[in-house]
Structures are given as structure tokens and as C-alpha cells.
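Here's the structure we're looking at; comments come further down.
Counting starts at 1 for both ligands and their atoms, following the listed order. Residue indices begin at 1 and follow the sequence shown.
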Amino acid sequence: MFERLLPHMRVNTIYDINLHTLKEQGKRGIITDLDNTLVGAREPLATPELVQWLDDVRDNLGFKVVIVSNNNQTRVGKFAEPLNIPFVHAARKPAGRAFTRALNELGLSAEQTVVIGDQMMTDVLGGRRMGLFTILVRPIAPNDEGIMTRFNRFLERIALSRLRKKGLWPEEELKKS
Ligand SMILES: [Mg+2]
């Protein structure tokens, strides 16, 4: 069962994702988590670096982007609206419904879409269940996580130790950028 928590790709940050390669593989859409994936969990707005990345991803590379977050409408809306990004809030990931809504919003199939997130229990598990290509990033501000996320991290640690034992999680850690 732990294989369902295994991301297809691991990177330090969203900026390390090779989007050209993904595009060559037919990917056209990005479903992304918000907290600790795009910005720290307590950062209300996008950083200038993120704004530039999103412009590049959407305008130059032609990806469609939607935010899917388990956080509430106020948090997600205040972040996403200035960026003109559609969003699904209170998503209850890993449940599939929000991913289905996100795919409808994108107008793309699961095969054409990737999920980016910092949590195996929500982003990776939910994405894999839907048949999406999953990309795990390191949490931006791991000390700013709420109680639910901390519980998920506890489960993640158990899963990680099993995956390592099975040789499914390469031992060498990603270099800190
Ligand atoms: Mg997150």
C-alpha cells in the first residue's frame, strides 16, 4: 500500500521542475498545492520569484494552472485571485472530488496533467489515485505546519521507512538548494 504514496518525481522546489521535459511528454496542465509548495504556509501572497515563474509557466510554456488546497476560501482566494489562478479550496485531499473538479477547470485529461505538492498523504496519494503524474517538493516552511499536517508527516515517516526498506526510495537525499 505504501507504493501509493510514492511520487513519480522528487525535487527540492517547484523551480527545479523541468517543465520542458514534461511538455515533451504531453503534459499541459498543473494542479498545484498552495501551502508549503508555492509559498510558506504563513505567507499570504506570492513572492516576486513565484509570480515570474507562473508567468513563464503559463504564458511562455503554455501550461494551464489550477490551485487545489485543503485550506479555506479566505486563505486560498486571497492568494490566488491576484494571480488570476482558478482554485479549489477546502479540497479534502486525498479525496478525488477536488481533483476531478480541477481537471474539469483545466479542460484536460489525467494523462495530460501533473500534480505538485509537498505532502505524500494528500497531494501524492490523491494524485496517484486519479492517475496523475505526481511531483513532490520539499515543504518550504516545515515549522509552520498545522496539526493535521503534522499528523500526516508522522504517517509519512512510517511510509518512508517502509519504502526505504523496500529500496523504493533512493537513499541519497536531494541536495539542499
Ligand atoms: Mg501543502
Taking 2.8 Å as the limit, list every protein N, O or S atom around the Mg ion (ligand 1), by chain and residue number.
Asp33 OD2, Asp35 O, Asp118 OD1

Taking only residues two or more places apart in sequence or in another chain, which ones pass side chain to side chain contact (heavy atoms under 4.5 Å, CB included) with Asn60?
Asp56

Can you tell me which residue pairs pass the salt bridge (charged side-chain N to carboxylate O under 4.0 Å, His left out) test with a partner in residues 108-131, sequence neighbours excluded?
Lys93-Asp123, Asp118-Arg153

Can you name the residues that form a salt bridge (charged side-chain N to carboxylate O under 4.0 Å, His left out) with Glu81, not counting sequence neighbours?
none

Between Asn84 and Arg58, the two heavy atoms sitting closest are O-NH1, 3.3 Å

Can you tell me if Thr149 and Asn152 form a side-chain donor-acceptor pair at under 3.5 Å?
no

Please check if any side-chain donor atom of His8 sits under 3.5 Å from a side-chain acceptor atom of Thr134, or the reverse.
yes

